[in-house]
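Positions are given from 1 along the sequence. The structure presented is a predicted model; accordingly, all values stated were derived computationally and were not measured. Atoms considered below: every heavy atom in the structure, side chains included; atoms not considered: hydrogens, waters and symmetry mates.
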Amino acid sequence: MKKINLLCILLVGMFGVKTSTAQMPAAKTIVWDVKISADVKASKGDVWRVLIDNEKLQQYSNGYVKSVTTIDQELVESRDVVFTNGNTRTETFAQTDYVNKFMVIRINKISLPKGIKSAEIAIFTKDLDDDGSNILWVAKIAGRKSAKQKLMNQLEDEFNAYAKGFTKIKS
C-alpha cells in the first residue's frame with residue numbers, strides 16, 4: 001500500500017512540474033484602424049497638460065473643435081465634444097494614466113453612427129531625444145465596413161487637426 005501511495009505522489013509531482021512550466025501565449029498586437037502621429041517642440045508634460053485641459057484641447061484643435069465640456073466626474077469622467085461642423089460626441093475615459101501620460105477614450109453608444117458597434121481612441125505621448133515629444137492618436141472601430149470607413153475618415157480628419165494644432169504648443 002505504501003508503494004502505491006508513493007507511486008501516486010511521484011506521478012502527481014511529475015505531472016504538476018510539467019504543467020507548471022507551460023508558457024503564456026504571446027500577446028496579440030492591436031491593428032489600429034486610424035493612426036496619426038506628430039512630433040512637436042514641446043515637452044511630454046506640456047502636451048499632456050493640453051490633452052487633459054478642455055479649454056486648451058479646444059484651443060489646439062486647429063479650429064476643428066468648438067467646445068469640450070466635462071459632464072461627469074464622479075466615478076468615470078465623461079465629456080461632450082462639439083465640433084465646428086455642428087456634430088457632437090459624448091465620450092468616456094476608459095483609462096487615464098497620469099504617470100505614463102496616455103489615455104483611452106470610449107465613444108459612447110449614443111454618439112456612434114449607425115452601423116458602428118464600438119469605437120475607442122487612444123492617445124500616447126513619448127519624449128524625443130531633442131527636447132520635443134511625439135503624440136500618437138489611434139482608433140479601433142468595430143462595425144459595418146461602410147460605416148466604419150466613414151468614421152475612420154472623420155477621426156483621421158480630427159487627429160490631423162490636432163496634430164497640426166499641437167505643433168503650436170510652446171514649452
Side-chain angles (χ1 to χ4, degrees), residues 27-98 100-128 132-170:
K28 290 184 180 180
T29 301
I30 296 173
V31 177
W32 301 106
D33 296 307
V34 181
K35 186 175 181 180
I36 303 293
S37 179
D39 291 341
V40 297
K41 293 187 185 301
S43 71
K44 182 177 170 179
D46 288 338
V47 167
W48 182 252
R49 282 186 280 284
V50 170
L51 286 169
I52 62 170
D53 183 312
N54 290 345
E55 287 181 30
K56 287 183 181 177
L57 186 62
Q58 180 271 324
Q59 176 185 347
Y60 289 104
S61 74
N62 202 43
Y64 198 83
V65 174
K66 183 176 180 180
S67 67
V68 182
T69 309
T70 300
I71 55 175
D72 182 15
Q73 285 184 320
E74 297 216 3
L75 295 175
V76 178
E77 187 173 340
S78 296
R79 65 184 182 187
D80 282 330
V81 181
V82 179
F83 300 96
T84 52
N85 67 2
N87 291 339
T88 61
R89 179 172 72 216
T90 301
E91 51 192 35
T92 301
F93 288 89
Q95 185 176 4
T96 307
D97 187 326
Y98 288 88
N100 297 301
K101 296 178 178 35
F102 74 88
M103 61 179 66
V104 178
I105 301 166
R106 186 171 297 119
I107 299 176
N108 293 14
K109 287 187 187 250
I110 59 170
S111 297
L112 292 174
K114 186 176 180 179
I116 299 295
K117 294 179 184 178
S118 66
E120 287 188 336
I121 297 167
I123 305 166
F124 302 97
T125 62
K126 71 176 180 180
D127 288 318
L128 297 176
S133 58
N134 175 270
I135 314 155
L136 176 63
W137 291 269
V138 294
K140 185 70 178 158
I141 304 165
R144 282 194 342 255
K145 188 175 181 178
S146 59
K148 183 175 175 177
Q149 186 60 54
K150 186 176 178 183
L151 182 56
M152 286 169 55
N153 292 341
Q154 290 172 358
L155 291 174
E156 189 172 287
D157 289 346
E158 178 183 348
F159 297 168
N160 279 320
Y162 282 126
K164 187 173 182 181
F166 275 53
T167 61
K168 300 172 188 172
I169 298 172
K170 303 287 186 222

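Atom CD1 of I105 and atom OG of S78 lie 11.0 Å apart (nearest 0.5 Å). From T70, atom OG1 reaches atom CG of N54 across 4.0 Å, with rounding to the nearest 0.5 Å. With values rounded to the nearest 0.5 angstrom, K126 atom NZ is found 10.0 Å from K44 atom NZ. Atom CD1 of residue I107 and atom CG of residue L155 lie 5.0 Å apart, to the nearest 0.5 angstrom. Considering CG of D97 and CZ of F124, their distance stands at 10.0 Å, rounded to 0.5 Å. Distance check, rounded to the nearest 0.5 Å: CZ of F83 to CD of Q154 gives 8.5 Å.
A donor-acceptor contact closer than 3.5 angstrom is absent between the side chains of S111 and N108. With hydrogens and angles left out, the side-chain atoms of D127 and S133 include no donor and acceptor closer than 3.5 Å. Judged purely by distance below 3.5 Å, without hydrogens or angles, the side chains of Q149 and N153 pair a donor atom with an acceptor atom. Side-chain contact check for D80 and T69: no donor-acceptor pair (N or O, by modelled atom type) lies under 3.5 Å.
Proximity of T96 to E77: side-chain heavy atoms (C-beta onward) are nowhere separated by under 4.5 Å. Residues D46 and V40 form no side-chain contact, since every pair of their non-hydrogen atoms from C-beta on lies 4.5 Å or further apart. Side-chain contact between V65 and V81 is present, with heavy atoms from C-beta onward closer than 4.5 Å. Using a 4.5 Å cut-off on side-chain heavy atoms (C-beta onward), K168 and N62 make contact. Between E120 and I30 there is no side-chain heavy-atom pair separated by less than 4.5 Å.
Screening I135, L136, D157, N160 against I36 for a side chain to side chain contact (heavy atoms under 4.5 Å, CB included) leaves a single residue, N160.
Heavy atoms from other residues, nucleotides or ligands lying under 6.0 Å from NZ of K41 number 12 at most. Within 6.0 Å of NZ on K35 lie no more than 12 heavy atoms contributed by other residues, nucleotides or ligands. Enclosure of atom NZ in K66 is not indicated, since only 12 or fewer non-hydrogen atoms of other residues, nucleotides or ligands lie within 6.0 angstrom.
Residues K101 and W48 approach most closely at C-CZ3, 3.3 Å, considering heavy atoms. When all heavy atoms are compared, the tightest approach of A119 to L112 is CB-CD2, 3.8 Å. The minimum heavy-atom distance linking M103 with I52 is given by the pair CE-CG2, 3.9 Å. Minimum interatomic distance between K114 and A147 (heavy atoms only, all atoms of both residues): O-CB, 3.3 Å. Taking every heavy atom of both residues into account, S61 and A161 meet most closely at O-CB, 3.3 Å.
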List the steps, then state whether side chain to side chain contact (heavy atoms under 4.5 Å, CB included) holds for L51 with T125.
CA-CA 10 Å; L51 286 169; T125 62; 3.8 Å; yes
Would K56 and I169 count as a side chain to side chain contact (heavy atoms under 4.5 Å, CB included) here? Give the steps.
CA-CA 10 Å; K56 287 183 181 177; I169 298 172; over 6 Å; no
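Ring centroid separation for the pair Y162 and Y60 does not come in under the 6.0 Å cut-off.
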